[in-house]
Amino acid sequence: MASGIAPSPQPTSLAVRSQGLDKIFPNGFQALSKVDLVVGKGEVVVIMGPSGSGKSTLIRTFNGLETIQGGHLEVLGHHLDADNNQKVVSKIRRHVGMVFQQFNLFPHLSILENVTLAPIWVQQRDRQAVKERAMALLDHVGIREQAHKYPSQLSGGQQQRVAIARAMALSPQLMLFDEPTSALDPEKVKEVLETIRALAAEGMTMVVVTHEVGFAREVADRVVFMDEGMIVEEASPQTFFTDPREERSQLFLSRIL
Amino acid sequence: MAESPRSGPRSRQLLLRIRRGLFASPLDTVITVVLAVLCGGGLWSFLHWVFLQADWAVVVENIRLYIHGRLPVDQVWRSWSWLGLLGTLCLVTLMPAGMLPRPVLRLLPLLWILILPIGLLLLASGLGLEPVKSRFWGGLQLSLLLTLGTILMALPLGILLALARRSSLPLLRWLTTGYIEITRGMPLIAVLFFGQLMIPLFLPEGWTLNRVLRAVLSLGFFVAAYMAEDVRGGLQAIPRTQLEAARSLGLSPLQTIILVELPQALRTALPSLANQCVASLQSTSLLAYLGLIELLGISRSILGNPDYLGRHLEVYIWLALLYWLVCILMTSLARRVERSLNVTGHH
């Protein structure tokens with residue numbers, strides 16, 4: 001296999017390509033079966049589906065948080081299959097940012113330290129430069145004044161914006177969002193979605209798992225609907241929300257709209 | 001109740017509170033009176049003994065022995081300078097964080113590590129000084145040296161053991177689990193005897209280790225097993241999602257341990273670790289039974305002097321006071337560390 005051997009990845013306009021992806025948990029539960037998905041560079045893909053449909057699992061395979069048991073995965077030119085080569089995974093992680101439902105900021109580090117941690121230790125960049133860039137990123141998400149506070153002193157919405165800045169600090173080529181607003185109070189959802197929307201406007205490639213229909217309508221280039229570990233339907237937001245093809249999509253939409 | 005303790009003048013409030021707290025019902029009154037009589041009587045006879053009957057000569061005349069052991073009189077300044085350094089370090093550490101410049105604050109952990117070799121250099125030899133044989137080391141100074149040595153050895157070892165115990169390598173995991181379980185299953189005094197007798201057998205030919213170092217090694221290995229469990233508890237308290245965040249940022253497993261897991265685990269484990277440190281101090285007294293003349297050992301040998309026949313009570317009360325003072329010092333140091341880790345009101 002070519003995985004991990006090619007010195008530099010082929011130039012490609014693809015960010016992610018999964019082919020026949022299988023994820024089977026140790027307890028035998030098949031979370032993903034034969035998932036084929038392509039995400040182009042600069043594209044914003046929103047994944048929707050009922051809980052337990054495998055949408056979080058799918059994007060977690062993209063940066064190796066979940067191993068895969070079958071099929072093939074290409075992320076930013078790096079190839080991964082069921083051997084889950086850790087060297088390839090760590091190469092992928094250097095270029096992929098991820099934002100979690102529960103923010104997962106490091107509670108023992110200040111906001112600024114949360115953002116500078118990876119650039120300093122993973123990319124080993126100059127501390128001063130990293131700090132300046134981190135402050136710029138925090139400014140960008142509107143948290144500059146809180147840089148020296150600790151995560152527990154911030155609201156959920158603010159913490160999630162810090163988490164976005166932290167992921168952006170590695171200058172990723174792909175951002176993964178795993179239900180970024182599901183743990184937030186309703187009035188905080190907007191500020192986080194605004195931040196994500198601004199990123200999309202800058203041309204960032206993103207895969208977003210979310211239940212926010214309004215956001216998907218406005219920002220997504222494509223909506224992917226999953227159920228029971230499979231992709232049921234892929235469509236443009238206009239088509240998906242007004243005229244879904246599959247019965248299961250119609251049922252799902254009738255429940256959430 | 002109709003009357004609130006908040007009404008009325010202050011003295012009346014106090015009276016009310018006392019009445020409600022101590023004499024609310026006939027039973028409460030009986031309990032209060034009985035306890036007061038018991039405590040008062042005990043305290044009275046204790047004070048009576050302390051000031052009128054006890055003969056404190058056994059303490060006063062031997063202060064030098066209690067503090068420095070049998071260090072030759074012309075070398076006592078070496079012991080004093082170390083104790084002085086240690087005391088200064090304690091004071092600086094206990095100062096409110098705001099009063100210390102940042103560089104000093106950063107240096108503190110290093111200074112705490114260095115204070116041990118400095119003590120050994122000052123006592124043993126080095127610095128062009130005449131060497132003092134380890135059998136002359138003793139008293140409070142030796143107790144402190146043993147405690148510090150034990151903690152500085154047990155803490156890093158305990159952390160490594162805790163990490164090894166959850167390693168993905170089965171052999172390493174089994175070995176550390178076995179080590180921790182077996183060590184915790186043995187009485188400390190047995191471990192100490194074992195150490196004094198067995199360590200020389202394992203050393204390469206021609207090597208010797210003095211009794212003090214053998215004692216520190218045995219104590220360190222013993223306490224490390226307990227500390228490992230405290231650290232493991234702290235590690236288990238970290239949510240899995242923290243590790244996922246670290247991995248998704250590309251941190252290596254080692255970086256994740258050092259930058260994300262240990263800082264959080266140690267913070268959680270700190271109260272229990274401080275507990276182990278205090279217990280280590282008390283454990284050093286067992287070494288009196290292995291011929292070391294640390295605080296308890298030197299006291300026993302003073303009691304062996306016919307001049308002080310039957311002065312056990314005075315000596316042991318004095319000892320209790322000394323150990324208690326060192327304990328208080330250690331707990332306040334621990335609290336200081338806890339506070340400095342907690343500046344943020346972290347949940």
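Chain A is the first sequence line, chain B the second, and so forth, proteins listed ahead of strands; every chain is numbered from 1.
- Contact annotation for A/Leu170: only side-chain heavy atoms (C-beta onward) come within less than 4.5 Å of a heavy atom of chain B.
- Between chain A and the residues B/Leu249, B/Ile238, B/Leu251, the most heavy-atom pairs under 4.5 angstrom are made by B/Leu249.
- A distance of 11.0 Å separates CE of A/Met98 from CZ of B/Arg247, quoted to the nearest 0.5 Å.
- Contacts of residues 124-145 of chain A with chain B at a heavy-atom distance below 4.5 Å are absent; not one residue qualifies.
- Crowding of A/Trp121 atom CH2: a count of heavy atoms from other residues, nucleotides or ligands under 6.0 Å not exceeding 12.
- Both the backbone and the side chain of A/Phe106 come within contact range of chain B, each with at least one heavy atom under 4.5 Å from a heavy atom of that chain.
- Side-chain N or O atoms of A/His108 include one that pairs as donor or acceptor with a backbone N or O of B/Leu259 at under 3.5 Å.
- Proximity to chain B (any heavy atom under 4.5 Å) is shown, for A/Ile92, by neither the backbone nor the side chain.
- Among A/Val89, A/Asn63, A/Leu65, A/Leu117, the residue with the largest count of heavy-atom pairs under 4.5 Å with chain B is A/Leu65.
- Using a distance-only test at 3.5 Å, with no hydrogens or angles considered, a donor-acceptor pair links the side chain of B/Gln242 to the main chain of A/Leu105.
- Counting heavy-atom pairs under 4.5 Å between each of B/Ser252, B/Pro239, B/Gly250 and chain A puts B/Gly250 at the top.
- Taking CG from A/Asn104 and CZ from B/Arg240, the interatomic distance works out to 11.0 Å, rounded to the nearest 0.5 Å.
- For chain A, the nearby part of B/Gln255 is the side chain; its heavy atoms alone come within less than 4.5 Å.
- Interface residue A/Arg60: only side-chain heavy atoms are found under 4.5 Å from chain B.
- Considering every non-hydrogen atom in both B/Ala245 and A/Phe100, the closest pair reads CA-CE1, 3.8 Å.
- No side-chain heavy atom of A/Arg93 sits less than 4.5 Å from a side-chain heavy atom of B/Ser248.
- Residue A/Val96 touches chain B through its backbone alone, counting heavy-atom pairs closer than 4.5 Å.
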